[in-house]
Amino acid sequence: MLLRQFRRSIAAARSFSAVVSAPNKVSKTGAVTKTNTSGGGRDTLGKRLLSLVFPKRSAVIAISKWKEEGNSVRKYELNRVVRELLPCVYSFDFIVNQICEWMREQKDIKLLAGDYAVHLDLIAKVRGIDSAEKFFEDLPEGMSDHFTCTALLHTYVKNNLYDKAEALMERMSECGLLNNPLPYNHMMSLYISNGQLEKVPGIIQELKRNTTPDVVTHNLWLTVCASQNDVESAEKTLLELKKAKDGEMATRKNRVAYSSLLTLHTNLGDKEGVQRTWKKMKSLFRKMNDAEYNCMISSLLKLEELKEAEDLYTEWRSVSGTGDVRISNLLLASYINRNQMGMAETFHDRMVKEGISPCYTTWELLTWGYLKGKHMGKVLDYFEKAVTSVKKWDHDEKLVREVFKMIEEEGNVEGAEHLLEILRNSHYVSSGIYNSLLRTYAKAGKMPLLVEERMEKDNVQLDEETRKLIKITSKMCVSEVSNTFLKQ
């Protein structure tokens, strides 16, 4: 009765909402990732549905043809296709939506509340909140249970709809539907992501009154402990987690909790706590993964334990074949922050020899390092490698500003032209950048060539400072440097 009233209240609220737009069509260049299906190369309905990549290829027609061929349609197979396509639902919403609608229309297919929950999640992703609420409102009698309510709650949480999420939790509590930790975990995620940490303890207390915390609950609570530097609560949480699993801590989700504890001890400057936690991890798990090595090396560096971090890095290289450049970048950044550019270069050479491919961050770190030492040639070399290492450069205004500042101070017109060329090739030019170029020429007492023409070609407008600088440099002797770059 209470849920029926809640559904009616949703309907009343929805009467003021605008009609949602139709779902986006599938890209004609889309492709479905091949998945393993039972039966090897045997023809199955699942394989046929997963091969429908174009929006005009009807899933309903494919299902009907399958039935006409004398085959049976099994609900579990359709559900499997829906679940496999849900992660990329925005690309294949046409197919998934057709399958779900077809299933709901069949009298011989009995859908359970869990099935409706999946359909609700799909509708929320593709059509929006209003359509998801309408679907929930129109659910068949008896289908508004903890599955569908939790699916709707998840939708509210993802969209930061506090009032609706809290109202739904209250209704679920009144109807006795809060008998598992998932709804509570959703609410904890909502509060944590929005910085309302003071609400989390109350959620946990209510959870423990009604059900038992799971691994996700403990990890969320550890996140709160870490943000508040609450070691005592974190240790208690780990103890609870260990008891809950009868001492079995080697599951993928459980071990994440230890990395949270490492970070917590590090934030408090507790070296003994970090070492104790790492020793415990190595005793529990057969092999540390890259994320755990990353966390521990980062912790050691924050605690100024460089030698230990270097030793652990060597250990990681001996046991892991991934060559994860993010871990290498930790040590590289440490050398650069200590102004040990010789060590940074040596380490970079070691990375390359060991087959670890530098990434944007690697080149960016080296750029900043040499920028501090005002090594113009290496700054521009590494900056260019950084920009060209990615398909689309996410412009770093601070870095560009600092590089140009150094160039201006030195009056290095060749360096200014080189930097402008790099930025033009990456489609990042502005009046401010051209003004930096002109200030560099003014510092050197030289006149650049065809600045206004180049700005027009780059579709950059002259501002008051640009005109002033052009006027100033026009009285100086012509520089051959700009002519050299114009010929390239």
Side-chain angles (χ1 to χ4, degrees), residues 6 10 83 86-90 113-114 116-126 128-129 132-133 135-136 144-175 177-230 233-238 240-241 244-245 251-264 267 291 295:
F6 182 65
I10 290 177
R83 284 185 168 86
L86 268 178
C88 48
V89 68
Y90 295 109
Y116 283 107
V118 173
H119 294 189
L120 190 151
D121 184 47
L122 163 69
I123 290 169
K125 287 179 178 178
V126 176
I129 294 291
E133 290 180 333
F135 180 81
F136 181 81
S144 299
D145 71 354
H146 70 277
F147 288 109
T148 49
C149 287
T150 302
L152 182 61
L153 179 66
H154 180 232
T155 298
Y156 288 153
V157 169
K158 281 174 62 178
N159 290 275
N160 281 326
L161 298 174
Y162 286 93
D163 293 340
K164 290 189 174 184
E166 291 175 341
L168 180 54
M169 278 290 286
E170 186 178 344
R171 299 295 188 192
M172 291 174 71
S173 177
E174 292 170 357
C175 296
L177 299 179
L178 295 177
N179 53 6
N180 76 80
L182 184 56
Y184 294 104
N185 292 341
H186 284 324
M187 294 304 295
M188 286 175 67
S189 297
L190 177 65
Y191 294 139
I192 291 172
S193 63
N194 288 278
Q196 295 182 307
L197 304 184
E198 70 281 359
K199 292 188 176 183
V200 175
I203 288 289
I204 290 181
Q205 289 175 8
E206 184 182 342
L207 184 158
K208 288 182 177 180
R209 285 198 299 269
N210 294 324
T211 183
T212 303
D214 63 6
V215 173
V216 176
T217 309
H218 287 108
N219 284 332
L220 287 168
W221 180 232
L222 277 172
T223 300
V224 175
C225 294
S227 67
Q228 297 179 333
N229 292 330
D230 186 353
S233 295
E235 295 281 8
K236 288 181 180 179
T237 301
L238 273 177
E240 286 183 18
L241 186 56
K245 294 296 180 179
T251 67
R252 182 177 299 176
K253 288 183 178 179
N254 285 358
R255 65 190 295 170
V256 174
Y258 281 98
S259 293
S260 298
L261 193 58
L262 273 178
T263 302
L264 179 55
N267 291 342
C295 185

Could you list the residues that satisfy side-chain hydrogen bond (donor to acceptor under 3.5 Å, both in side chains) with [X], not counting sequence neighbours?
{"X": "T217", "value": "N185, D214"}
{"X": "S193", "value": "none"}
{"X": "N159", "value": "none"}
{"X": "N194", "value": "N160, Y162"}

I'd like to check the side-chain contact (heavy atoms from CB on, under 4.5 Å) partners of [X]; sequence neighbours left out, ordered by chain and number.
{"X": "L197", "answer": "I192, V224, S227, Q228"}
{"X": "S189", "answer": "L220"}
{"X": "F147", "answer": "A113, A117, D145"}
{"X": "H186", "answer": "T150, L153, H154, V157, L182"}

From [X] atom [atom1] to [Y] atom [atom2], the distance as rounded to the nearest 0.5 Å:
{"X": "N179", "Y": "N210", "atom1": "CG", "atom2": "CG", "answer": "8.5 Å"}
{"X": "I204", "Y": "M188", "atom1": "CD1", "atom2": "CE", "answer": "4.0 Å"}
{"X": "Y258", "Y": "L222", "atom1": "OH", "atom2": "CG", "answer": "10.0 Å"}

So, using ring pair (Phe, Tyr, Trp, His ring centres under 6.0 Å) as the criterion, who are the partners of H146 when residues are at least two apart?
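None.
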Do [X] and [Y] have side chains that approach each other closer than 4.5 Å (heavy atoms only, starting at C-beta)?
{"X": "Y156", "Y": "E133", "answer": "yes"}
{"X": "S233", "Y": "W221", "answer": "yes"}
{"X": "Y184", "Y": "M169", "answer": "yes"}
{"X": "P213", "Y": "L207", "answer": "yes"}
{"X": "L178", "Y": "T211", "answer": "no"}
{"X": "K164", "Y": "L152", "answer": "no"}

Partners passing salt bridge (Lys or Arg N to Asp or Glu O under 4.0 Å) against E166 (at least two apart in sequence or in another chain)
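For E166 the salt bridge (Lys or Arg N to Asp or Glu O under 4.0 Å) partners, ignoring immediate neighbours, are K199.
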Sequence neighbours left out, what pairs pass salt bridge (charged side-chain N to carboxylate O under 4.0 Å, His left out) with at least one residue falling in residues 179-192?
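Residue pairs with at least one partner in residues 179-192: there are none.
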The test is side chain to side chain contact (heavy atoms under 4.5 Å, CB included); show your working for S173 and E206 and say whether it passes.
CA-CA 10 Å; S173 177; E206 184 182 342; 4.2 Å; yes
Please give me the minimum heavy-atom distance between L168 and C149, naming the atom from each residue.
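Nearest pair, atom of L168 first, then C149: CD2-O, 3.4 Å.
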